[in-house]
Amino acid sequence: MNFFPKLIFSHFSRHFATLSKLPNNFTKIPSKYRPQAIRDAQQALTDYLHCTRYIPFVYAEHIAKNSFFSLSSLVSGINFSTTSFNRNVLRFLRYHPINEYEFFFESIGIDYEEVGGLLPSKKFFFSEDETVLEAACALSGFGFPWNKLGKLYKEEILIFKASSKELKARLFKIKECGFSNIPVIGICLAFPYVLRGGGVNELGGEIVALLNDLKRVFLDFDLGNHVEDNVDAWYEICRKIRVFYDLGCEKGKIGELIGRNKNLFLRYPEEVLVSKIEYFSRFLVPKEDIGMLILQNPEILDSDLETPMISVMGMLKHFGLSVEKRDSVAKEYPYVLGRNKMTNLPNVMRALNLHKWLFDRIKNGNHRLLANYTLNDDEDLDKGFRDSFEKIQFSRTPAHTMEKLMFLHRVGFGENSLTMKVLAHVHGTGSELQERFDSLLGLGFEFSKLCRIVHMTPKVLNQRPETVERKVNFLCHEMGVSLDYLDIFPAFLCFNLEKRIKPRYRFHKWLMENGLCTRNYSIASIVATGEKSFIARLGRIHPDALNEWFENFSYKESDNSIQD
């Protein structure tokens, strides 16, 4: 789920954690001299940018000290000397001018591997276009950490096309809401579009709505007094708030709700918030509903939704599904029943086609039922599953088999003997099976129906995604049949497309078009009939049918296997 902001790692750890992976001169220098070499190279670059390129000293220093990879590439051809390395670098720079934008983009916190794609095609020096540097200087002068400006650049590049006068006007417009510099910086880093503006003295309607919410939260509900007075703390709290806007909550409408539940943002780390959102997102419900569920019921973040074991039927009863409907579930989805893990509950409910029902129950005042659900020790134990499970432990490849079993549980299959029968027929690693399952979902299969197909015809998952896709495309486009037909005949996906499906279907179509066959055979009858029976049928249809089949339609190799 990639609408969530990613956790930010410090500039220092990002640089030095990957240092050993990059070929650069610093790693070739003896370790005891390496800090000195880095300092000398940074000082030389600072002097060059300031004295030769006329960049103000403080910003030249920011660029030099925060462009480690660009700098290491620069000095890779310069011999190290404990007494003259600084002079050697300066001498090199006099005759080998650098691309100033490269060093600048890395210095503002953009990943070095991404810098190449951002470089202007026909510009090398800031003197050719000073807009970007001037914008960075204006923001830095306001108090923005230099190495965090990349967040603004990547998300709202228009900020760096504004004049320093425009940026200062927008920043002071935000301050007029009642915020000091540090809160303004935290807000802008989390919501870069607030600096986009509509003009020198304008803020767009969406920005005004957001700022009204934030003013309500931080000032009226006093959340601001609970945040440490530094940029990182304000950025962190604003980033958590942004999560809810990214989910679709309307700006200007949730300020009071956030304010009344301010402990949510003070108490819980962002990763806890994101993990719960990702969990409920798997119910395939509107994202805004997930945001409102958590805002209105922040205690749900304390629930362990990963490790507890559940009984599928017990959970349905716990949330109030009627006896009649539970009986219907037991008859229609026996392969989902039994035990499973709470972490798999969303997909269990999707396999039962009850995911929206359960989420509605959670959303409409029953969220505590998740936390207070308990499983009895002897509840819903399946002896057939347990016996097969024990055999896995003593098999030749227990880890491989367990990986496949975990995949089946993940997509909604319960701890029951039917699941073990499916397990015996699926081949591949757990990740390969997941990839194939996901590719089928991507082709338009409904989750619940796909689980039923896997239950009925497990070998569907033993094929490469592109193989299945070709079969589905042929079924839907050339044969003109919807995916729903596979509910009746899922084994269609197990037949060879080139050797069986295409020739037989096209021959049947030829027979119909030429009036040689008055009976419209089903797809299952056309494809699944064994070779001998199929040939005998052609002989009965028309004397010329066999010759036409062998001369123009049949695949030339003998194919008695249905598996692709």
Contact check, side chains of Leu90 and Arg87, non-hydrogen atoms, under 4.5 Å
no
The test is salt bridge (Lys or Arg N to Asp or Glu O under 4.0 Å); show your working for Lys154 and Asp111 and say whether it passes.
CA-CA 11 Å; Lys154 289 181 67 176; Asp111 191 283; over 6 Å; no
Would you please name every residue forming a ring-ring contact (aromatic ring centres under 6.0 Å, His included) with His477, sequence neighbours left out?
none
Mind checking side-chain hydrogen bond (donor to acceptor under 3.5 Å, both in side chains) for Asn181 and listing every partner two or more places apart, or none if nothing turns up?
Lys175
Residue set satisfying side-chain hydrogen bond (donor to acceptor under 3.5 Å, both in side chains) with Lys363, at least two apart, ordered chain then number -> none
Please examine the side chains of Ile98 and Leu49, heavy atoms only from C-beta on, and report whether any two atoms are closer than 4.5 Å.
yes
To the nearest 0.5 Å, what is the distance between CG (Leu189) and CD (Glu236)?
13.0 Å
Please lay out, stage by stage, how Lys262 and Val217 fare under the test side chain to side chain contact (heavy atoms under 4.5 Å, CB included).
CA-CA 8 Å; Lys262 61 187 178 185; Val217 171; 5.7 Å; no
Using the ring centroid of each side chain, check whether Phe265 and Phe218 are separated by less than 6.0 Å.
no
Is the closest side-chain heavy-atom distance between Ser439 and Glu466 below 4.5 Å?
no
Report the residues that fulfil side-chain hydrogen bond (donor to acceptor under 3.5 Å, both in side chains) with Asp47, sequence neighbours left out, ordered by chain and then residue number.
Gln43
N-O pairing of Asp302 and Arg267 below 4.0 Å
yes
Under 4.5 Å between any side-chain heavy atoms of Leu266 and Ile237, yes or no?
yes
For residues Val132 and Glu100, determine if any side-chain heavy atom of one lies less than 4.5 Å from a side-chain heavy atom of the other.
no
Would you please name every residue forming a side-chain hydrogen bond (donor to acceptor under 3.5 Å, both in side chains) with Asn86, sequence neighbours left out?
none
Of all residues at least two apart in sequence or in a different chain, which pass the side chain to side chain contact (heavy atoms under 4.5 Å, CB included) check with Phe92?
Leu74, Ile78, His96
Go through the structure and list residues passing ring-ring contact (aromatic ring centres under 6.0 Å, His included) with His367, not counting sequence neighbours.
none
Should Ile294 and Asn261 be marked as a side chain to side chain contact (heavy atoms under 4.5 Å, CB included) after you check the CA-CA gap, both sets of side-chain angles, and the distance that decides it?
CA-CA 10 Å; Ile294 294 176; Asn261 292 285; over 6 Å; no
The criterion is side chain to side chain contact (heavy atoms under 4.5 Å, CB included); which residues satisfy it with Gln434, sequence neighbours excluded?
Phe407, Arg410, Val411, Phe437, Asp438
Identify, with sequence neighbours excluded, every residue that meets ring-ring contact (aromatic ring centres under 6.0 Å, His included) alongside Phe124.
none
Checking Val272 now: which residues fulfil side chain to side chain contact (heavy atoms under 4.5 Å, CB included) with it, not counting sequence neighbours?
Tyr268, Pro269, Leu301
Non-neighbouring partners of Phe221 that pass side chain to side chain contact (heavy atoms under 4.5 Å, CB included), sequence neighbours left out:
Arg216, Glu256, Arg260
Let me see the working for Tyr112 and Glu102 under side chain to side chain contact (heavy atoms under 4.5 Å, CB included), right down to the final yes or no.
CA-CA 9 Å; Tyr112 180 68; Glu102 176 187 343; 3.7 Å; yes
Quick check: do Phe57 and Thr46 have side-chain heavy atoms less than 4.5 Å from each other?
yes
Basic-acidic side-chain contact under 4.0 Å: Arg196, Glu156
yes
Is the Phe105-Tyr153 ring centre distance short of 6.0 angstrom?
yes
Non-neighbouring partners of Phe283 that pass ring-ring contact (aromatic ring centres under 6.0 Å, His included), sequence neighbours left out:
none
Counting neighbours of NZ on Lys449 that are heavy atoms of other residues, nucleotides or ligands and sit closer than 6.0 Å, is the number greater than 12?
yes
Side chain to side chain contact (heavy atoms under 4.5 Å, CB included) evaluation trace for Leu443 with Leu440
CA-CA 5 Å; Leu443 292 174; Leu440 287 165; 4.3 Å; yes
With the threshold set at 4.0 Å, does a side-chain nitrogen-carboxylate oxygen contact exist between Arg368 and Glu299?
yes
Is there a side-chain contact between Met292 and Cys249, using heavy atoms and a 4.5 Å cut-off?
yes
